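This structure is a prediction, so every number in the text was calculated from the model and none was measured. Values below: all heavy atoms of this structure, side chains included; hydrogens, waters and symmetry mates excluded.
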Amino acid sequence: MSKLREIFTDHKAFIPFIVADDPNFATTVANVLALADGGADIVELGIPFSDPSADGPVIQDADLRAFAAGVTPDVVFDIVATVRERSTVPIVFLTYVNIPFKYGYARFCQRCQELGILGLVIPDLPYEERNELAPIASRYGVDLIPLITPTSAHRVQKIAEAATGFIYVVSALGITGQRDEFAHNLTNLVAQIRQYTDVPTAIGFGIHTLAQAREMSDLADGAIIGSAIVDLVRQHGTAAPRYLAAYTREIRAAIDNPQQIKLAQ
């Protein structure tokens, strides 16, 4: 069993997302530590990319702030190395395939292994093209975390059967961003996935309220929140860590205890 999969063994997982080097190196380190202290099970760290096809305006703007700060893949690895001086929190990268390709798949995955990066979410790597990277990632103990969407249809079986770590279930069509409505077939989609694998599922894209986090973690094995957290970083800049810790504690409590939702409202 992969280390990522073990995290889902006895409870619902909360997976917050932030962009690396937004607004700078030191704040990103502090943000990751704050998310861990607040109760995040896994931190999803985004490697900024010039053409983030799956990301909405909030995350695109965060990428631009990171580029202004001088981000590179090596800077992202250095951020994780600094986090590792104080925390063993599980981390996965969200990246676009051109980044590990240019870095060199083996070199990139080896660095991930050295720093305890447990998985890669790669939105522009379709199932049909994963075999170029999958054997290398497996060699270094790095899970390729697939995305399954409400329109995956006949592809669900083969994606699910090949999955390791966990499966990222996309809650709605389009790009990332806070939403009030999600796809109507999520319950059926998760049930369909479970016909073919016992690898855990986590739902992401658009979740931002306590009630949504609870609802999605009830449907699946965990919830992923990105844009809402990235927007807190935008609002508070270098002061963001305490706000991220507080938000994470609220989400963690809502997932674990439905009564927390009523108290917060």
Side-chain angles (χ1 to χ4, degrees), residues 1-17 39-44 54-56 90 92 94 118-128 130 134 143-229 248 251-258 260-261:
M1 182 182 296
S2 77
K3 292 180 180 179
L4 278 177
R5 185 170 172 177
E6 290 176 359
I7 293 166
F8 296 80
T9 298
D10 57 1
H11 72 293
K12 302 287 187 173
F14 174 48
I15 307 171
F17 167 88
D41 294 286
I42 301 165
V43 174
E44 185 183 9
D55 295 319
V92 300
L94 184 143
L118 300 181
L120 303 176
V121 180
I122 308 180
D124 62 343
L125 181 65
Y127 170 84
E128 291 77 10
R130 69 188 298 276
D143 289 316
L144 287 188
I145 300 160
L147 288 84
I148 291 180
T149 76
T151 58
S152 291
H154 65 280
R155 301 172 75 249
V156 169
Q157 180 175 355
K158 60 185 179 181
I159 296 171
E161 289 179 342
T164 61
F166 68 90
I167 295 170
Y168 192 131
V169 179
V170 177
S171 68
L173 301 180
I175 56 178
T176 59
Q178 298 180 40
R179 287 180 171 83
D180 294 321
E181 294 185 0
F182 301 96
H184 297 298
N185 65 333
L186 285 177
T187 300
N188 292 336
L189 180 59
V190 172
Q192 184 182 5
I193 292 168
R194 287 174 174 163
Q195 291 177 12
Y196 305 115
T197 184
D198 57 1
V199 170
T201 55
I203 299 178
F205 273 48
I207 302 168
H208 60 101
T209 69
L210 302 184
Q212 289 172 344
R214 177 69 198 189
E215 178 186 3
M216 296 303 165
S217 63
D218 280 346
L219 289 179
D221 301 299
I224 303 166
I225 298 182
S227 293
I229 293 174
T248 304
I251 296 293
R252 174 80 271 163
I255 290 173
D256 293 338
N257 177 14
Q260 182 68 22
I261 299 174

With the side chain counted from C-beta on, respond yes when [X] and [Y] share a heavy-atom pair under 4.5 Å apart, and no when they do not.
X: Leu189; Y: Gln192; value: yes
X: Tyr196; Y: Ile159; value: no
X: Arg130; Y: Ile122; value: no
X: Ile145; Y: Phe166; value: yes

Would you give the length of the straight line joining atom [atom1] of [X] to atom [atom2] of [Y], rounded to the nearest 0.5 angstrom?
X: Thr248; Y: Phe14; atom1: OG1; atom2: CZ; result: 5.0 Å
X: Ile7; Y: Asp10; atom1: CD1; atom2: CG; result: 11.0 Å
X: Leu125; Y: Leu120; atom1: CG; atom2: CG; result: 9.5 Å
X: Leu186; Y: Thr201; atom1: CG; atom2: OG1; result: 10.0 Å
X: Glu215; Y: Asp218; atom1: CD; atom2: CG; result: 8.0 Å
X: Ile193; Y: Glu161; atom1: CD1; atom2: CD; result: 12.0 Å

Verify, without hydrogens or angle tests, whether [X] (side chain) and [Y] (backbone) share a donor-acceptor contact under 3.5 angstrom.
X: Gln212; Y: His208; result: yes
X: Thr197; Y: Arg194; result: no
X: Ser217; Y: Gly222; result: no
X: Lys12; Y: Ala202; result: no

Where is the tightest heavy-atom contact between [X] and [Y], given as atom of each residue plus distance?
X: Thr164; Y: Pro146; answer: O-CD, 4.5 Å
X: Ile255; Y: Ala223; answer: CD1-CB, 4.4 Å
X: Ile203; Y: Ala220; answer: CG1-CB, 3.7 Å
X: Ala228; Y: Ile207; answer: CB-O, 4.3 Å
X: Leu118; Y: Val92; answer: C-CG1, 4.4 Å
X: Ala213; Y: Ile251; answer: CB-CG2, 3.9 Å

Worksheet item: Any ion pair linking Arg5 and Asp221 (charged N to carboxylate O, less than 4.0 Å)?
Response: no
Carefully, step by step, assess Asp41 and Arg252 under the rule salt bridge (Lys or Arg N to Asp or Glu O under 4.0 Å).
-> CA-CA 9 Å; Asp41 294 286; Arg252 174 80 271 163; 2.4 Å; yes
Report the relative orientation of the aromatic rings in Phe205 and Tyr168; use parallel for angles under 30°, tilted for 30 to 60°, perpendicular for over 60°. perpendicular
Residues at least two apart in sequence or cross-chain that pass side chain to side chain contact (heavy atoms under 4.5 Å, CB included) with Glu128, listed by chain then number, are Pro126, Arg155, Lys158
